[in-house]
Number of protein chains: 2
Amino acid sequence: MDSPRKATRIQREKREIILAAALDAFSEDGLRGATLEKIAEKAGMSKPHVVYYFGSKDAIYTELLQSLLDVWVQPLRDLSEDADPLAAILTYMRRKLRMSQDMPRESKMFATEILHGAPRMRPQLSGELKALVDEKAALIAGWSAEGKIARVDPHHLIFSIWAMTQHYADFDIQVEAVLGEERKPGLYDEADAFLTEFFVRALRP
Amino acid sequence: MDSPRKATRIQREKREIILAAALDAFSEDGLRGATLEKIAEKAGMSKPHVVYYFGSKDAIYTELLQSLLDVWVQPLRDLSEDADPLAAILTYMRRKLRMSQDMPRESKMFATEILHGAPRMRPQLSGELKALVDEKAALIAGWSAEGKIARVDPHHLIFSIWAMTQHYADFDIQVEAVLGEERKPGLYDEADAFLTEFFVRALRP
DNA sequence: ACAATTTTTGACCAAATGGACAGAAAAACA
DNA sequence: TGTTTTTCTGTCCATTTGGTCAAAAATTGT
């Protein structure tokens, strides 16, 4: 456990189980609200056992956050030249929307962290993330300048995609409460249709 | 304090001070993360004094939330028939954006509460709020049907306004990190310009 | 000025919680 | 099989924290 030789199968498995349980707990109650005991219970093991594998609650939280970050920005990484720039942006938006649908817990964890000042992500936000966004913003700005899409501020366009797609995961309770139970099943199809049409209208030259 | 006669001036003032301090604390750290001691410190009084006025931390939190709800939905209440439907929607969007700019702490408090399941707001979300949104959605649907604005799902349109405007308050740390310090001063002007253009393009018939 | 009421706080308490520790159980290795 | 290493847990501890309580200080009313 200490000297990082080879992680045994059992070690990887247990760590996975704990991380899954922790994601559950953290997304529900936040770092402060989630307790080691609850995580241990969800993971089906004792509290000291959880500490044995990660050292502290904070360490679990931080590791989860870091490992999720890569997954989270992958769709943006994949945004690139395409037959049709508008289609590329729509694909990006759709992938983000799908991530909201498939990974609401991850979305909520990030949202909570950033909402509270992102104390353990600041460097990455203004470092890697800023660099990535700047790069893709330049790409979009190019399309914009060439008249392939409408003239828009690319940074704010990216923010709008983040905002609108993550809204459905982060504030799902509100969305479902306002729409009513009966519209819940087709919710993400509705959102997809709305957002697609919306961005097409807003972005086509 | 017990029998609710007339609240003296001093009582109202102290309660105001405590609520302001609590808003500060809750928006920074959430319900769980904010401590009575920190609230008391920010309010410049002792911990038991805070309890004396509100009974419990939870009570402060709940009262804050309830009293803010009215303010929060007022812009939507004010959405009504207008010379120009599109202008009416833009005005609504702008008011929401201004609220994000002027009341980021309130925005964060709501966001955190909803993110964590809105345990003490559910009834209002599916009650009053749903009713209000349904009413305004019908109004927008009317405009849409008459061809005064583009055909859009009015509920999702409202969500998109919530999402995009509140994003700037709730995730300000991320927005500022990605844009860089130098774009911070004119941020809300940029956002206003972007969103206005964006919604105009998306909504005009 | 004096009594009654309200406001304010220091001291204290009980519950919750993150984590330490020693040793049991199990697994790996010889 | 015996030994060593890893995995696992019961028990305990220190800290944090929401809240109580008695009494002091200030205010109000007469």
Side-chain angles (χ1 to χ4, degrees), chain A residues 1-65 112-113 116 119-120, chain B residues 1-26 28-65 109 112-113 116 119-120:
Chain A
M1 216 43 266
D2 276 340
S3 47
R5 295 182 190 172
K6 52 186 175 185
T8 77
R9 178 185 51 84
I10 227 174
Q11 280 170 354
R12 274 196 309 274
E13 282 178 4
K14 292 289 178 181
R15 286 177 66 93
E16 279 311 305
I17 291 174
I18 292 172
L19 286 175
L23 174 60
D24 235 51
F26 288 139
S27 67
E28 280 172 18
D29 301 319
L31 171 57
R32 285 262 165 70
T35 70
L36 270 176
E37 198 155 353
K38 196 168 228 165
I39 295 172
E41 190 192 326
K42 281 176 191 276
M45 54 189 78
S46 70
K47 198 170 64 170
H49 198 189
V50 173
V51 176
Y52 170 72
Y53 273 108
F54 284 90
S56 72
K57 186 173 82 165
D58 226 84
I60 307 176
Y61 184 80
T62 302
E63 176 153 340
L64 252 186
L65 219 52
T112 305
E113 173 70 9
H116 291 0
R120 55 211 92 206
Chain B
M1 216 44 266
D2 276 338
S3 47
R5 295 182 191 173
K6 52 188 174 184
T8 77
R9 178 184 52 84
I10 228 174
Q11 282 171 353
R12 274 197 309 273
E13 282 178 4
K14 293 288 179 182
R15 286 176 66 93
E16 279 310 306
I17 291 173
I18 293 172
L19 287 174
L23 174 59
D24 235 50
F26 288 138
E28 280 172 19
D29 303 319
L31 171 57
R32 286 264 166 74
T35 70
L36 270 177
E37 198 156 353
K38 194 167 230 167
I39 295 172
E41 190 193 325
K42 280 176 192 277
M45 55 188 77
S46 70
K47 198 170 64 169
H49 197 190
V50 173
V51 176
Y52 170 73
Y53 272 108
F54 283 90
S56 73
K57 186 172 83 165
D58 226 82
I60 307 176
Y61 184 81
T62 302
E63 177 154 338
L64 252 186
L65 219 51
M109 228 189 109
T112 305
E113 172 70 8
H116 292 359
R120 53 210 91 204

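Treat the numbers as computed from the prediction; the structure is a model and nothing was measured. By convention in this document, chain letters (A, B, ...) are assigned in the order of the sequence lines, proteins followed by strands, and residues within each chain are numbered from 1.
Listed here is the closest heavy atom pair of E37(A) and K47(A): N-CD, 4.0 Å. The shortest heavy-atom contact between I18(A) and A43(A) is CA-CB, 4.4 Å.
As a whole-Å value, the separation of E37(A) CD from dG10(D) C1' is 13 Å. The CZ-C1' distance, from F54(B) to dT8(C), rounds to 16 Å in whole Å. In this structure, NZ of K57(A) is placed 8 Å from C1' of dT17(C), rounded to the nearest angstrom. Going from atom CD of E41(B) over to atom P of dT17(D) covers 12 Å, rounded to whole Å. Separating the CZ atom of R15(B) from the C1' atom of dT7(C) is a distance of 15 Å, rounded to the nearest angstrom. Between the CD1 atom of I39(B) and the P atom of dG19(D) there is a distance of 10 Å, rounded to whole Å. As rounded to whole Å, 11 Å separates atom C1' of dG18(C) from atom CD1 of I60(A). Atom OH of Y61(A) and atom P of dG18(C) are 14 Å apart (whole Å).
Using a 4.0 Å cut-off, some side-chain N or O of Y53(A) falls inside it from OP1 or OP2 of dC8(D). Note on Y52(B): every side-chain N or O is 4.0 Å or more away from OP1 and OP2 of dT8(C). Between Q11(A) and the phosphate of dT6(D), there is no side-chain N or O to OP1/OP2 separation shorter than 4.0 Å.
Nearest-nucleotide positions on DNA chain D place V50(A) closer to the 5' end than the other of V50(A) and R32(B). Of the two residues contacting DNA chain C, namely V51(A) and G33(A), the nearest-nucleotide position lying further toward the 5' end is that of G33(A).
A donor-acceptor contact under 3.5 angstrom links the side-chain atoms of K47(B) to the base of dG19(D).
Heavy atoms of T35(B) sit under 4.0 angstrom from primed sugar atoms or phosphate atoms, though from no base atom. Within the 4.0 angstrom heavy-atom criterion, only backbone atoms of the sugar-phosphate kind lie near K14(B); the bases stay farther away. Note on A34(A): only backbone sugar-phosphate atoms sit closer than 4.0 angstrom, heavy atoms only; bases stay farther off.
Between dT20(D), dG10(D), dG18(D), one nucleotide has an atom nearer to the side chain of P48(A) than all others, and that is dG10(D). Out of dG19(C), dT8(C), dA20(C), the shortest distance to the side chain of L36(A) is found at dG19(C).
For the pair K38(B) (side chain) and G33(B) (backbone), a donor-acceptor distance under 3.5 Å is absent.
Checked options E28(B), K42(B), M109(B); the residue passing with L23(B) is M109(B) (criterion: side chain to side chain contact (heavy atoms under 4.5 Å, CB included)).
Between R15(B) and E63(B) a salt bridge is recorded (basic side-chain N to carboxylate O distance below 4.0 Å).
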